[in-house]
Amino acid sequence: MTDHPMPICGDDYPLTVKQRALMTLVHRLGRESFAPRATQLDRDAQFPFANYADMRRAGLLGLCVPESHGGHGADYATYALVSAEIGRYCGATALTFNMHVCTTLWSGLLSEDLDMSDEQRASHQSCQHLHFDRVIREGAIYAQPFSEGGAAAAGAAPFGTTAVRAEGGWRISGKKIFASLSDAADYFGVLCTERKPDTQLSRRDTLYLAVPRHAPGLTVEGTWDPLGMRATVSRNLVFQDVFVPDEAALMPQGLYFQAATRWPHMFMTLSPTYMGIAQAAYDFTVAYLRGEIAGTGPVKRRQFATKQIAVAEMFIKLEQTRNLFLRAIEDARVDPSKSTRLRAYAAQYTIMENAQDLARLAIRTCGGQSMLKSLPLERLYRDARCGSLMLPWTAELCMDRIGREALYEPGETDA
Ligand SMILES: Cc1cc2nc3c(=O)[nH]c(=O)nc-3n(C[C@H](O)[C@H](O)[C@H](O)COP(=O)(O)OP(=O)(O)OC[C@H]3O[C@@H](n4cnc5c(N)ncnc54)[C@H](O)[C@@H]3O)c2cc1C
């Protein structure tokens, strides 16, 4: 099969020196190590421990940890490019890498853009030091279990998992569903609502706390046998009066709410995985039609006009997706304009929907042999299906936000 030397962004995209080095690194890891392991991990719904050992050795767990703390100090766009490149080879590795890396991105670079009192900034810096040190020195993995099965993960209600103030820290109770990395994370970055006496739960009181895997009162439960993204191993977490000290804070009190309001691209970070899957579906189709996929015979199918038209259709869809992706990841910033915010929703929607469509077209174009489980395309097809379901920016909710925000200015009503 053709080695795809072209990075996910195309060979004419102006990568920085740092980006080029990182992309070369993950391209090699992805092709030589992640892709050969993906079939078994998917079949057995097993977490990609070996891929994480490779990434730990290569320093990639510290991708978005600031350089001053020993990491690569990658910014948002660099994270997105690296993640998309990983997604070409193993979707589940890229998706779980998102949960880990974005924990450090949110509590690092992104939080620097937000308003904090001097006191909050000082305590945040000491918490950052603790969390970043764990990643860099101990190779710790962080997960992001937010979903609860209610409206909270969509941003429409306070989290039902709550924390009450205790001597020197917090006591957490509640349940999270779909906790990717449930078999692997050393720390679960839990979003929960501070429960205050005689006060209703409020989204403004969201806390973001890292709970160690072996904290007393925390149990991982349930089975995991889904359609796609099987190697994410996203089981449930139950918290029964789990104590964490103050330094467990990944963001100071009130900061998550501010971030969710002012830094919307923080919710677009799942999409690079699916950009990678879209590219992989296209790459497979080209290689298959060129007769380069081992085990499918040396027969070339590229001479048929119908195949050429199908590839053209796929290429156009892929380029539309890629260009919106590249624009949106460059856009990411605090307090974006209305156009920038709407473009982010449109990019997320397009990537998640087009990844599925490209996988569908790939199977239709390549034909029956291409959907055998010995080949990666049927896994890409199943993995691609998951993207538009992922909160808070599901395809439906992106449409919902675009429609509302295009038609109403902030504060406007029809009353
Ligand atoms: C492979 C995989 C890995 C995942 N990993 C994680 C993880 O690590 N951490 C994590 O927190 N979650 C994770 N999730 C969960 C995911 O983000 C969703 O929260 C989960 O799929 C929601 O399932 P649900 O059936 O409860 O959705 P529901 O909340 O019932 O939503 C169903 C649909 O209704 C729509 N909807 C929901 N709320 C509203 C609303 N208020 N207004 C209008 N429409 C709405 C949305 O379009 C949504 O797709 C993962 C999911 C998958 C598939």
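All ligand and atom numbering here is 1-based and tracks the order in the structure.
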How are the rings of Tyr256 and Trp106 set relative to one another: parallel (under 30°), tilted (30 to 60°) or perpendicular (over 60°)?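 Tilted.
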Any idea how Phe315 and Tyr282 line up, ring-wise: parallel (<30°), tilted (30 to 60°), or perpendicular (>60°)? tilted
Just by distance, no angles: are the side chains of [X] and [Y] close enough, under 3.5 Å, to form a donor-acceptor pair?
X: Tyr52; Y: His100; answer: no
X: Ser107; Y: His131; answer: no
X: Thr39; Y: Asp42; answer: no
X: Thr350; Y: Gln320; answer: no

What is the distance from atom NZ of Lys175 to atom OG1 of Thr219, rounded to the nearest 0.5 Å? 9.5 Å
Between OH on residue Tyr13 and CG on residue Asn323, distance to nearest 0.5 Å: 10.0 Å
Give the numbers and elements of all ligand 1 atoms closer than 4.0 Å to a heavy atom of Ser234. 3 (C)
So if I count the atoms of ligand 1 from 1 in the order they appear, which ones are less than 4.0 Å from some heavy atom of Ala154?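 With Ala154 as reference, the close atoms of ligand 1 come out as 38 (N).
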Could you check whether any heavy atom of Ala153 sits closer than 4.0 Å to an atom of ligand 1, since that is the contact criterion I want to use? no
Minimum-distance protein heavy atom relative to [atom]:
atom: atom 36 (N) of ligand 1; value: Leu397 CD1, 4.1 Å
atom: atom 1 (C) of ligand 1; value: Met229 CB, 3.4 Å
atom: atom 34 (O) of ligand 1; value: Glu396 OE1, 3.5 Å
atom: atom 19 (O) of ligand 1; value: Ser147 OG, 2.6 Å
atom: atom 30 (O) of ligand 1; value: Gly149 O, 4.9 Å
atom: atom 49 (O) of ligand 1; value: Thr394 CG2, 3.2 Å
atom: atom 51 (C) of ligand 1; value: Phe178 CD2, 3.4 Å

Evaluate side-chain contact (heavy atoms from CB on, under 4.5 Å) for Tyr288 paired with Lys307, printing each intermediate quantity in order. CA-CA 11 Å; Tyr288 188 88; Lys307 304 295 181 201; over 6 Å; no
Among all the protein's heavy atoms, is there at least one whose distance to [atom] comes out below 4.0 Å?
atom: atom 28 (P) of ligand 1; answer: no
atom: atom 24 (P) of ligand 1; answer: no
atom: atom 38 (N) of ligand 1; answer: yes
atom: atom 32 (C) of ligand 1; answer: no

Below 4.5 Å, heavy atoms only, C-beta onward: do Thr161 and Leu191 meet side chain to side chain?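 They are not in contact (no side-chain heavy atoms under 4.5 Å apart), so the answer is no.
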At under 4.0 Å between heavy atoms, which part of [X] makes contact with ligand 1: side chain, backbone, both or neither?
X: Met390; result: both
X: Ser180; result: both
X: Gln144; result: backbone

Distance-only donor-acceptor hits, side chain of residues 269-278, under 3.5 Å, sequence neighbours excluded:
residue	atom	partner	partner atom	Å
Thr269	OG1	Asn98	OD1	2.8
Ser271	OG	Met268	O	2.7
Thr273	OG1	Leu95	N	3.4

Test of proximity, [X] against ligand 1: N or O pairs below 3.5 Å:
X: Phe146; answer: yes
X: Leu391; answer: yes
X: Thr232; answer: no
X: Asp400; answer: no

Regarding Arg165 and the six-membered ring of Trp170, is the cationic atom NZ or CZ under 6.0 Å from the ring centre and inside 45° of its axis?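 Ring-cation test returns yes.
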Does anything in residues 361-375 form a side-chain hydrogen bond (donor to acceptor under 3.5 Å, both in side chains)? List the pairs, not counting sequence neighbours.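 Residue pairs passing side-chain hydrogen bond (donor to acceptor under 3.5 Å, both in side chains), neighbours aside: Lys373-Glu378.
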Heavy-atom nearest neighbour of atom 41 (N) of ligand 1 within options Gly91, Ala156, Ser388: Ala156
